[in-house]
Amino acid sequence: MSDFDRNLALAGALDVLPDLVGVLDGEGRLVHCNAAWAAAQHPWTRIDVGARYGEALPAIPGADRGGFVQALARILADADAPPWRCEYSLGDASARTTWQSSARQVAGGAVVVHEDVTHPRATEAAFKRSQARLRTILTGAPLVLFSLDRGGVFTLVEGMGAGAGGFVGPDQIGTTVWSGYAHVPALLELVRGALEGRIGVTTVHVGRLAYEVRCSPLLGHDDAIEGAVGVATDVSERIRVQQLKDEFLSIVSHELRTPLTSIRGSLGLLEGGVTGPLTERALELVKVARINSDRLVRLVSDMLDLDRIEAGLLQLQRQPVSLAEVVVAAVREMGGLAEHAGVRLQTAIEGDPLEVVGDRDRLVQVATNLLSNAIKFSPASAAVQAVARRRDGFARVEIVDRGPGIAPEDLPRLFQKFSQLDASDRRARGGSGLGLVICKRVIEASGGRIGVDSTFGHGSTFWFELPLPRVSAGAGVSRSADREHTVAIDAAALDRARRSAGDPLVELLRLLAEVESGALARLADAHAAATLAAALPQHGDAVREALRACVLAIDAALAGPESARVGIAAAQRHAIVDAMGSVP
Ligand code: ADP
């Protein structure tokens, strides 16, 4: 290619560029400019080709003309002179543009470029503003944001409370969570989970403060886990208020119980005519007072019950009990209420007595509660069914009604304290909103499950189920004798699992799998399971599921050639059912 052709090609290439490009010869004369330069309105492009560029440059307010001229002279004279650049604005406030002008050496001369950087500068400024805004929000909100790399080293700590005697401070950047928080195992567990891909939340106590910490995996471009990010919120005040509220409710309930019982008693006596016959009007008033004091007594006893359960004082008198008999007793107890409401009660016992291990009175209380709700929410003359039957190794009670049903969005609130789905229910139907919470706690403490299936507008089926032993609990095997046969793998093995890097739950499941492979006697006892459950509060549901799987596995083993170990397994089964009750 001839020089002419080469120059033509180069000029064509320059014409494609959006930037304004001018070429100077060794004397600093403008010898060529590209198409963008020729078309531009920029003052530093309005210079004739052939003129000495530096000398012809007009001044632009805010732009460093002097620096430009000097730099050009240096660039043309000295082969080692560095490139030069400056930035400035053109135009008034209504149409301001930002420019970057630069000059650099090329063989035999220099090249000058004027670049419109209005758009990138505006984007940068907007980004900086949004970062500043985010930082203001972060530092103003009572939370701490942190991130960790794969090794558990803090890489970022931001937010109010960070450092102020709070949870994590900026001085922790560069240190590992493992060394700094060895005394907060719940946090380490959470971080370990996030580094393994799980999102989790836990409450940690640091000094007198409590933080709710949420942690999730931090994913890289290829979805590989690069570390973890977390947000810690100071919930000390919320917990304090909750405690105050609980204490207040507990005091009020205790104080109310005695006078209420006496009021209820006196009203009962009056209604029963003990003090002589009452006029019809007086009897009616006494009856209204008695019904309302019954309601108050129920509310107070519900609150006391829950108080006791939450303080860990729920004592279950475990013994073999027939769920069929529980259903019959509950239906008998609710007969009056149903009759009064014009609701028909139907009982269906499918099959055998369905013997489980549980506290009879508490189970009747649960069935009664579900029945009384079903009656309360049923239209007059509708039927409510109480069913007891067997399902997948569990004895199950179902209370079926044709009431309004429960909307899917309300289901999560159903088993929470004081949750009445429709505020008007309280007045219209009575109730405290505590019944289902108590039922849930009782059933879970008994090693069972409780739930509801409902079609909105077409009624609900509230159910609970307890594991059915394959071997009756009264098999005549004494617990202490069984323990002698049980090789203790025990707390120590599970504790080791907990400390090991692997997921303790995985380890537990591995142990459970061994049940089926015949290593029955090596399985965890109740103490070990409870240790694990306590170590894994955030895995409550998973541990409970695992323990349930364990019970089923033992049942399967009992039915098979492992029958020689029936005694041991039956005792372990009870122990595990016990442990299920202690899972948070
Ligand atoms: P309460 O003492 O108020 O009945 P529960 O905890 O037993 O308290 O029930 C809580 C709420 O759940 C009720 O107020 C009602 O809104 C809803 N609920 C319970 N059982 C039923 C049912 N069978 N049909 C429709 N809604 C129900």
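One-based numbering, in listed order, for ligands and for the atoms of each.
- Contact atoms of ligand 1 toward Leu434: 6 (O), 8 (O) (distance under 4.0 Å to a heavy atom of the residue).
- Here the CD-CZ distance, from Gln317 to Arg360, works out to 13.0 Å after rounding to the nearest 0.5 Å.
- At under 3.5 Å, a nitrogen or oxygen of Gly435, whether backbone or side chain, sits near a nitrogen or oxygen of ligand 1.
- Although no hydrogens or angles enter the test, the distance criterion places no donor-acceptor pair under 3.5 Å between the side chain of Asn369 and the main chain of Gln365.
- Within the 4.0 Å heavy-atom shell around ligand 1 one does not find Phe415.
- Checked by distance only, ligand 1 and Leu436 come closer than 3.5 Å through their nitrogen or oxygen atoms.
- Annotation: the span from Asp294 atom CG to Leu260 atom CG amounts to 10.0 Å, rounded to 0.5 Å.
- Those atoms of ligand 1 with a heavy atom of Lys376 less than 4.0 angstrom away are 1 (P), 2 (O), 4 (O).
- Taking CG of Leu434 as the reference point, atom CZ of Arg441 lies at 10.0 Å (rounded to 0.5 Å).
- If you check each of Asn373, Val452, Ile438, Asp401 against atom 23 (N) of ligand 1, the one with the closest non-hydrogen atom is Asp401.
- Close approach of ligand 1 to Leu414 is summarised as follows: ligand atoms under 4.0 Å from at least one heavy atom of the residue are 12 (O), 17 (C).
- Listed by number with element, the atoms of ligand 1 under 4.0 angstrom from any heavy atom of Ser460 are 24 (N).
- When the shell of 6.0 Å around CZ of Arg264 is examined, it contains more than 12 heavy atoms from other residues, nucleotides or ligands.
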